[in-house]
Colleague: 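Before anything else, here's the structure in question.
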Amino acid sequence: MATANTQATGIGLRHVRVALRDTDGTIKVPAGTSAGTAYAGIQVAKAKALTVTLADPQRIAARGDDANFHTFNEAPTDSPSGELRTAVTDTEVIALLTSVKRYGSGERREVMLGTNKLGEEDAVMMWGYRKAIDAEVGSATYGLRVYQTYIFLNCYATVRPATMEDSQVGETTYAVTANNSSVDQFGRTLTEAIHGCTEAPFIIVQSRYKYWLDAFVGDNVETDFTLTKTTQTKVGVSTSPTELWVAGASATFTCTAGGVLTPTSKPTLGQKVIVGYEFED
Amino acid sequence: MAVVLSDYAAALYSWLKSGSGASSIRNLIQGGATNVLEAGDFRESNADTIVAERRTAGTTSKVLAVTVQDAGEQVQNGDLLQTVVVRVIDRDNGYRAIRSVRDLIRGLLDDEELSFTLTDVNGEGQGALTLSYLGRTGYRIANDFDVEYEALTFRGRATQEDL
């Protein structure tokens, strides 16, 4: 029996976001952000391509009697990698990914590249989604619009600035080096029981509507957490449940139609709150 | 809930005629949604009638009509490529009114705006993947209908469960 979002055909690249990775493996909320205010990273605007290259396994042939009689598939020796191409030079994104500062006077913006910070970049999380359709033959929802999201859980990104060339729109390219994470986007420890693995660099999410992640930090006072997508949030929709994770553990909550989420237990001071949900424009 | 339609031509026609995002386009068409037509429904007699209405109303900045033509379909790599031609039609009014409507269509119509579901064909499901703008003709004169127009071409990519 067909299960929704098992098979999907995607097209294009709709939206990409990036955020610093916190020590708990989740989105790092900037210091000074008030407890009830969501942080969803920053958008990498005008994204054109987000490619993922998982490392090839080692193929080691066993030979004897002048022939291969078996090929072993062993763990790769390389790390996964990726590339993000955009049509925009975004000084804020460059500063965040390369651990430098964006500065300048008035409306002038300046950012350094190729600095002595190379090799000392902060780890980031990067995720992007695109439109897709349910492509499972025999499914009652074949052709229904769905969305695919790629999430790099733990990566570094280095910048190649856009080329200045006659009659060409320059592309800024970010080369991504992906590393394993032992937790998922919610800070939940990866387990064989749920995930089938204990470490992974990358997740594919297929959802009915556009997928979004919001991060908050509790202060033992705030009880209401306003989601970024407010009234666009899918609340109480069986195809698209909202998930609340506090300090890496699933937590119960109520959520209004306006996207105000109230955990059953108030998050304590410094506790990371991650909400995964879907929204429709 | 997304409206269910047969193809991209039907989707563009539906959006232009009644989509909330296209209201500013209809405001620049004499008679509004009434003169958003499928290509075969526009004749020289339509143009004569609409010109008279426009003269009476004094709305010289409005175009006569916008038509939507289903311009065929090809199969490529297992996907269906459907071509749709949208024509902005005017008479004796130069290019300025056509240009305004053309810019609005280009600016407002995108994949997010055109939210619809494709209906099944002989029991086989279809899926609408993406809509692309291919280009426009610029200012043209149609002697058979005694009108001026500009045609914008769009291509929709769809999949079918079993081609």
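In what follows, chains carry the letters A, B, and so on, assigned in the order in which the sequence lines appear, proteins first and then strands, with residues in each chain numbered from 1.
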Colleague: Quick check: do A:Tyr142 and B:Asp120 have side-chain heavy atoms less than 4.5 Å from each other?
Modeller: no
Colleague: Go through the atoms of B:Leu118 and report whether side chain, backbone, both or neither lie under 4.5 Å from a heavy atom of chain A.
Modeller: neither
Colleague: Take atom NZ of A:Lys229 as the centre, draw a 6.0 Å sphere, and report whether it contains more than 12 heavy atoms from other residues, nucleotides or ligands.
Modeller: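 Above 12, so yes.
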Colleague: Would you give the length of the straight line joining atom OG1 of B:Thr117 to atom CG of A:Leu144, rounded to the nearest 0.5 angstrom?
Modeller: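 One gets 6.0 Å once the value is rounded to the nearest 0.5 Å.
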Colleague: Between the main-chain N or O of A:Gly138 and the side-chain N or O of B:Glu161, is there a donor-acceptor pair closer than 3.5 Å?
Modeller: yes
Colleague: Considering only heavy atoms, which portion of A:Thr9 lies under 4.5 Å from any heavy atom of chain B: side chain, backbone, both, or neither?
Modeller: both
Colleague: For the NZ atom on B:Lys17, are there more than 12 heavy atoms of other groups (residues, nucleotides or ligands in this structure) within a distance under 6.0 Å?
Modeller: yes
Colleague: List the steps, then state whether side chain to side chain contact (heavy atoms under 4.5 Å, CB included) holds for B:Arg157 with A:Ile11.
Modeller: CA-CA 10 Å; B:Arg157 180 181 287 268; A:Ile11 190 160; 3.9 Å; yes
Colleague: Would you compute the distance between atom CZ of A:Arg14 and atom OG1 of B:Thr130 and round it to the nearest 0.5 angstrom?
Modeller: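 A:Arg14 atom CZ to B:Thr130 atom OG1 measures 7.0 Å (nearest 0.5 Å).
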Colleague: Please check if the number of heavy atoms outside A:Asn73 that lie under 6.0 Å from its CG is greater than 12.
Modeller: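 It does: A:Asn73 CG has more than 12 such atoms within range.
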